Amino acid sequence: MQITFFYLKQLKMASELKNLSKFEGSNIPNAADMKFGIVWAEWNLDITQKLMQGAYDTLVKHGAKPEHIITKTVPGAFELTLGAQYMAELGNVDAIICIGCLIQGDTKHFDFIADAVAKGITNLNIRYNKPFIFGVLTVNTQEQAEDRAGGMHGNKGDEAAATAIKMLGLKKSFEENKSKIGF
Ligand code: DLZ
């Protein structure tokens, strides 16, 4: 009984630690000179809209200019990869946040799409050498999605935006210190 309680407590602490929406204290650079794209899926719109809004508000909160944020929708999570590629080719942005919500159904559709979009977005990072952020929920239930779209587990859209800013900050720190080693 005591062991179970201890285990559950540890689990709770682990998920609290992973709630990056509490990133207030972490070092997020100013985003005033950064340009962002947000590509978001229309499937599970009630959720993705909240994730997108969270991402947008977080970018602005950290200094991004609204005129430097472009948002576009795609039909479903599967289309995020190509939508993000169009954005990279034509959108003149420094980082792209990909937002979607996959909810497990009765078939294997979920697994195929989740795998395809994760690999697709990973490949875009490498191909374009710029941050493409994986802001896709992969959940079992609608409730789990709501918990992560402004509910008890924060808003994963906020986290995706903070990650985009941090990655651009990282890139900038390398560019500024090009001539030094091990700075
Ligand atoms: C088909 C499908 C299913 C079953 N579930 C989801 C989902 O939970 N979330 C999501 O974003 N999209 C879903 N889709 C649509 C696919 O992503 C895609 O749009 C279609 O398979 C057409 O390529």
Side-chain angles (χ1 to χ4, degrees), residues 11 14-15 18-23 34-61 64 66 68-168:
L11 263 184
S15 87
K18 282 182 192 136
N19 184 354
L20 297 177
S21 294
K22 293 179 187 157
F23 50 72
M34 301 173 181
K35 288 179 265 170
F36 300 91
I38 304 177
V39 184
W40 58 293
E42 290 164 354
W43 260 78
N44 300 311
L45 192 67
D46 55 327
I47 300 294
T48 58
Q49 222 158 16
K50 288 182 194 158
L51 297 173
M52 189 279 292
Q53 195 62 52
Y56 185 93
D57 292 347
T58 299
L59 294 177
V60 172
K61 186 173 150 191
H68 286 169
I69 306 171
I70 174 172
T71 66
K72 293 281 179 193
T73 57
V74 291
F78 185 78
E79 284 72 39
L80 283 172
T81 306
L82 186 56
Q85 177 161 301
Y86 289 157
M87 185 82 89
E89 299 268 356
L90 308 165
N92 186 26
V93 290
D94 302 312
I96 295 173
I97 300 161
C98 304
I99 284 175
C101 173
L102 285 161
I103 302 181
Q104 180 80 266
D106 295 333
T107 68
K108 291 190 173 179
H109 221 93
F110 173 97
D111 302 280
F112 286 115
I113 298 172
D115 192 46
V117 71
K119 285 186 180 135
I121 292 174
T122 304
N123 289 336
L124 290 176
N125 278 274
I126 295 156
R127 176 167 178 197
Y128 289 94
N129 198 30
K130 52 174 74 169
F132 289 76
I133 309 302
F134 187 77
V136 181
L137 298 183
T138 53
V139 292
N140 294 319
T141 63
Q142 174 78 20
E143 191 188 357
Q144 285 180 345
E146 283 161 12
D147 287 347
R148 288 157 181 78
M152 64 183 283
H153 289 301
N155 187 320
K156 300 296 165 185
D158 298 9
E159 292 175 23
T163 305
I165 299 171
K166 283 182 164 186
M167 288 305 291
L168 289 178

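Small disclaimer: the values here were computed from a predicted structure and weren't measured. Order of listing sets the numbers, starting from 1, for every ligand and every atom in it. Counting from 1, the numbers follow the sequence of the chain as shown.
Checking Glu89 against Gln85 by side-chain atom types alone, no donor-acceptor pair falls below 3.5 Å.
Checked by atom type and distance alone, the side chain of Gln144 pairs as donor or acceptor with a backbone atom of Asn140 at under 3.5 Å.
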For ligand 1, find each of its N or O atoms that sits under 3.5 Å from a protein N or O atom, and tabulate the pairs with distances to one decimal place.
{"residue": "ligand 1", "atom": "8 (O)", "partner": "Asn44", "partner atom": "ND2", "Å": "3.4"}
{"residue": "ligand 1", "atom": "8 (O)", "partner": "Ile103", "partner atom": "N", "Å": "3.2"}
{"residue": "ligand 1", "atom": "9 (N)", "partner": "Cys101", "partner atom": "O", "Å": "2.9"}
{"residue": "ligand 1", "atom": "11 (O)", "partner": "Ala77", "partner atom": "N", "Å": "2.8"}
{"residue": "ligand 1", "atom": "17 (O)", "partner": "Ala77", "partner atom": "N", "Å": "3.2"}
{"residue": "ligand 1", "atom": "17 (O)", "partner": "Phe78", "partner atom": "N", "Å": "3.1"}
{"residue": "ligand 1", "atom": "19 (O)", "partner": "Glu79", "partner atom": "OE1", "Å": "2.6"}
{"residue": "ligand 1", "atom": "23 (O)", "partner": "Glu79", "partner atom": "OE2", "Å": "2.5"}

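Closest approach of Ile38 to Ala55, counting heavy atoms only: CD1-CB, 4.2 Å.
In this structure the side chain of Thr138 reaches within 4.5 angstrom of the side chain of Phe110, judged on heavy atoms. Between Asn155 and Leu51, some side-chain heavy-atom pair lies under the 4.5 Å cut-off.
A salt bridge does not link Asp46 to Lys50: none of the charged side-chain nitrogens sits closer than 4.0 Å to a carboxylate oxygen.
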